[in-house]
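Written out below as structure tokens is the structure these notes cover.
By convention here, the first residue in the shown sequence is residue 1.
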Amino acid sequence: MCTAGQSLVQLGSSWGNGFLRVRLFSKSIAAASLGFVVSASLCDAAKSGVSLEKTEIPVSAKTVSYTDEKARLLDFVHLARFLDVNKICQQKIADGSAKAYHYQALALSWLYPNQALTAKAVRICRQGLKQYPADSDLAATLAVAYLRNQQWQPALKQSLRVLEAEPRNVPALAVRALCMRRAGREEPGSLLLQRAIAANPGNEEMNMLIVFFARKRNLAEEAYAAFDRWNQLNPRSAVSFAMRGEFEYDDSRQDDALRNFQKAVALNPEYITALYKMGKLYWNRQNWSAACSALLRYQKLGGHNATGIVRLTDSLIRTKQYKEAVRIGLIAIEKFKDKDVRTEEALGLPGFSVLRESSLLVESQVKLAIAYFHTGEIAKASALVKTVLSQHPDNVPALDLSQKMAFKQGNYSHAVAILSQLIVIDRDVQMWYQWRAEAYKKLGDLGKAQNDLAIVDALNKTGRLPETTMSSR
């Protein structure tokens, strides 16, 4: 039984007291979390219907008392609570804090790869360094942000500047090593990276960069080793679990990917990227109920990826939640009314290709029509189907819904015409012959009904059309 614990945020010392280094963070959290109680957010996750079976929930997905505000901010970065980080940092920047620039840039660098965001991380670091040129952590994060933004030469130059002043700075060593490897200097770059790993195996910025580099080059073993080091140091890092899930998804390890997205959501039930990916995986597996749960939470949190919303509508239809499918379907249609509809894999932020009059628009129209059909709003369903077929006369889902509406309205001649069109598109679909036979019976044409039933029988027995039908192709 879950019990809501004390307030998640219990602030200790003020912002101005000594800076807590990234590599010391896990020890601080371990010391701060001796009196764990289960957070109410995990209770909510369990009630939501998102399956967490056979998934080891990190012990540290519990309420934590923070030693100071810097520890809270770094934990928020790890938990992917980026909006909270941004809000706090904006205030602290106004109060005159170099570390606020550092954390805000760090959060942006760890977001789902999006150049609009990593470019913003670069700008924030540069702004901060104008005011605080001696801050080595901010200088190193600028090198990290440059590399994440794939600005390799500026990244190398910035890492060298940092290393002149601080030769053992681990993030800067990692940036320099990866830039060397990209330039073809694999052996010296790898040796330098091993030096960085030996100096601080769990440094999050270094491991994040290794994952980024390995993902670009399909170096799975290297990426998984970095994830292992990262998670061993900080099992509260929802970001690392989500990133690992992304890598495993691309590596065709979908079971592992799902488990890691679940862990990320267990740590942060509002982790919008992980919810979207989890819903997508459930949808791919035809686990419609779990897909509904994850994607509904994603949508309620403001997620508006076009594919995600259409998949949510589809999942709601398949679980017979037709009224809710209409509501979500209308949201999907509304998205496509804009001239600049975009799809974004994570947060709906700019930077991805425009979708105008796309297949997703057609799919969303058909899904909404299906939902209307099941709620008895036949006129609305019919209007949407006509719109789709006027531009895409061979759209199979729209034609299939059209013949069902014709049956429901008793217009059997129209049903025969639509089913005949579907059979021309694909002659091997048994149910279309069966439905057409039913329509012929309703019209009193028993001879044609018997012909279609003979085809159904042949398809059942042999999986092939009768020879007479084959010759008429």
Side-chain angles (χ1 to χ4, degrees), residues 286 288 306-307 310-311 313-318 320 322 325-326 329-330 332-333 336 355-473:
Q286 300 184 23
W288 313 121
T307 303
V310 174
R311 296 292 175 266
T313 308
D314 181 64
S315 300
L316 289 165
I317 290 168
R318 292 176 185 274
K320 300 183 179 181
Y322 300 122
V326 167
L330 286 169
I333 293 293
F336 289 106
L355 289 171
R356 296 185 64 186
E357 298 299 319
S358 69
S359 60
L360 278 175
L361 169 58
V362 174
E363 188 177 353
S364 66
Q365 289 172 321
V366 174
K367 296 299 180 191
L368 180 56
I370 292 170
Y372 275 138
F373 173 76
H374 285 289
T375 57
E377 298 177 87
I378 304 299
K380 291 180 179 179
S382 181
L384 280 168
V385 167
K386 285 178 181 176
T387 298
V388 171
L389 292 177
S390 67
Q391 299 173 26
H392 307 277
D394 291 334
N395 184 283
V396 171
L399 287 168
D400 186 51
L401 181 57
S402 182
Q403 64 89 10
K404 288 177 181 175
M405 287 191 293
F407 260 99
K408 192 174 184 71
Q409 294 170 323
N411 190 347
Y412 303 115
S413 296
H414 186 58
V416 166
I418 296 297
L419 286 162
S420 298
Q421 188 176 344
L422 284 166
I423 288 167
V424 168
I425 294 170
D426 189 342
R427 290 174 177 261
D428 297 325
V429 181
Q430 172 190 322
M431 61 183 179
W432 291 339
Y433 294 101
Q434 191 160 342
W435 291 339
R436 192 170 68 173
E438 289 299 315
Y440 279 136
K441 285 181 184 179
K442 295 289 186 181
L443 292 170
D445 198 334
L446 299 182
K448 289 182 178 178
Q450 282 300 116
N451 287 340
D452 277 352
L453 290 174
I455 294 171
V456 171
D457 187 55
L459 287 170
N460 277 333
K461 289 179 178 177
T462 67
R464 298 181 60 189
L465 291 169
E467 289 298 324
T468 54
T469 309
M470 294 284 289
S471 63
S472 64
R473 284 179 181 243

Review point. Does the S382 side chain pair with the main chain of I378, one donor and one acceptor, at a distance under 3.5 Å?
Key: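 The answer is no, because no donor-acceptor pair under 3.5 Å joins these two groups.
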Point to revise | Any donor-acceptor pair under 3.5 Å from Q403 side chain to R436 backbone | key: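 Side chain of Q403 to backbone of R436, a donor-acceptor pair under 3.5 Å: no, none is there.
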What's the spacing between [X] [atom1] and [Y] [atom2] if we round to 0.5 Å?
| X | Y | atom1 | atom2 | value |
| --- | --- | --- | --- | --- |
| D428 | Y433 | CG | OH | 6.5 Å |
| I333 | T313 | CD1 | OG1 | 8.5 Å |
| L389 | I418 | CG | CD1 | 7.0 Å |
| D394 | H392 | CG | NE2 | 11.0 Å |

For [X] and [Y], which heavy atoms make the closest approach, and how far apart are they?
| X | Y | result |
| --- | --- | --- |
| M405 | A381 | SD-CB, 3.8 Å |
| I317 | A371 | CD1-N, 4.2 Å |
| W288 | S315 | O-CB, 3.8 Å |
| L384 | A369 | CD1-N, 3.7 Å |
| A398 | V385 | O-CG1, 3.7 Å |
| A439 | V416 | CB-CG2, 3.5 Å |

Are any of the side-chain heavy atoms of [X] and [Y] separated by less than 4.5 Å?
| X | Y | value |
| --- | --- | --- |
| L330 | Y372 | yes |
| V456 | N460 | yes |
| N395 | V366 | yes |
| I425 | L399 | yes |
| W432 | R427 | no |
| K367 | R311 | no |
| L453 | Q450 | yes |
| L419 | F407 | yes |

Exercise for review: Decide yes or no on side-chain contact (heavy atoms from CB on, under 4.5 Å) for S402 and H414, but give the supporting numbers first.
Suggested key: CA-CA 9 Å; S402 182; H414 186 58; 3.7 Å; yes
Review point. Using the ring of each side chain (for Trp, its six-membered ring), is H374 parallel, tilted or perpendicular to Y322, with breaks at 30° and 60°?
Key: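 Because their plane-to-plane angle is under 30°, the rings of H374 and Y322 count as parallel.
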Exercise for review: Would you mind checking if K448 and D452 are paired as a salt bridge, meaning a charged N to carboxylate O distance below 4.0 Å?
Suggested key: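 Answer for the salt bridge query: no.
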